[in-house]
Amino acid sequence: MKKLLMICGLMLGIAGFAQAQQGGGQGRGVMMMKPEERVKQLDEKLKLSDDQKTKLTTVFTEQAEAMKKMREEMQGADRDAMREKMQKFRADNDTKVSAVLTDDQKKTYEAWQKEQRAEMQKRMQGGSN
């Protein structure tokens, strides 16, 4: 029984360590975040007004619902077609977000997006350590 408890403890410790190495879950994609989390993240970067926060929460909520529906519809579909549709979907949503932002915020948002893409490329190539 003691061995079993020690093994369980060891496994939990390893899982916790692995989670910490991956950034504690912070590295999950922006598209997977809740709309409120995304608005909070943008607010930290762009200093949004209350009106902008409300509008962006609506945009991100609609986006999350559409993304869920798209994933269900494209289950088992051609990966290239799915990728193309997702890229168009993201571009459309970027346009909606940009429409809410001021010119200065747009510049900061675009620079931040480039950073995010570069980080994602780095992770996908296995260079996250």
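Every heavy atom of this structure was used, including side-chain atoms; hydrogens, water molecules and symmetry mates were not. All figures in this text were calculated on a predicted structure; none of them were measured in a lab.
- With sequence neighbours excluded, the residues that form a salt bridge (Lys or Arg N to Asp or Glu O under 4.0 Å) with Asp51 are Lys55.
- Considering NZ of Lys107 and OG of Ser98, their distance stands at 13.0 Å, rounded to 0.5 Å.
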Enumerate donor-acceptor pairs with a distance under 3.5 Å from any side-chain N or O in residues 74-84 to protein atoms, sequence neighbours excluded.
from, atom 1, to, atom 2, distance (Å)
Asp78, OD2, Ala81, N, 3.4
Asp80, OD1, Arg83, NH1, 2.9

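- Note that the CD atom of Glu36 and the CE atom of Met33 stand 10.5 Å from one another [nearest 0.5 Å].
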I would like to know whether Leu42 and Trp112 meet side-chain contact (heavy atoms from CB on, under 4.5 Å); could you show each step before the answer? CA-CA 10 Å; Leu42 281 181; Trp112 178 68; 3.7 Å; yes

For Asp94 and Phe89, what are the C-alpha separation, side-chain angles and deciding distance, and is it a side-chain contact (heavy atoms from CB on, under 4.5 Å)? CA-CA 9 Å; Asp94 283 344; Phe89 180 76; over 6 Å; no

Check the pair Leu101, Leu48 against side-chain contact (heavy atoms from CB on, under 4.5 Å), reporting the backbone distance first and the verdict last. CA-CA 8 Å; Leu101 304 177; Leu48 301 171; 3.8 Å; yes

side-chain contact (heavy atoms from CB on, under 4.5 Å) between Lys40 and Glu37: does it pass, once the steps are laid out? CA-CA 5 Å; Lys40 183 179 178 185; Glu37 292 172 335; 5.6 Å; no

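- The side-chain hydrogen bond (donor to acceptor under 3.5 Å, both in side chains) search around Lys53 returns Asp43, not counting sequence neighbours.
- Taking every heavy atom of both residues into account, Pro35 and Thr57 meet most closely at CB-O, 4.1 Å.
- For the pair Glu119 (side chain) and Gln116 (backbone), a donor-acceptor distance under 3.5 Å is absent.
- Checked against side chain to side chain contact (heavy atoms under 4.5 Å, CB included), Thr102 has the following partners two or more places apart in sequence or in another chain: Gln52, Asp104, Gln105.
- In this structure, Met120 and Met124 have side chains that are in contact, with non-hydrogen atoms separated by less than 4.5 Å.
- Residues passing the salt bridge (Lys or Arg N to Asp or Glu O under 4.0 Å) test with Lys88 are Asp92, sequence neighbours excluded.
- With contacts defined as side-chain heavy-atom distances shorter than 4.5 Å, the pair Phe60/Val97 qualifies.
- Residues passing the side-chain hydrogen bond (donor to acceptor under 3.5 Å, both in side chains) test with Glu110: none are found, sequence neighbours excluded.
- Just one of Arg38, Lys96, Lys68, Arg90 meets the side-chain hydrogen bond (donor to acceptor under 3.5 Å, both in side chains) condition when paired with Gln63; it is Arg38.
- The minimum heavy-atom distance between Tyr109 and Leu46, with the atom names listed, is N-CD2, 3.8 Å.
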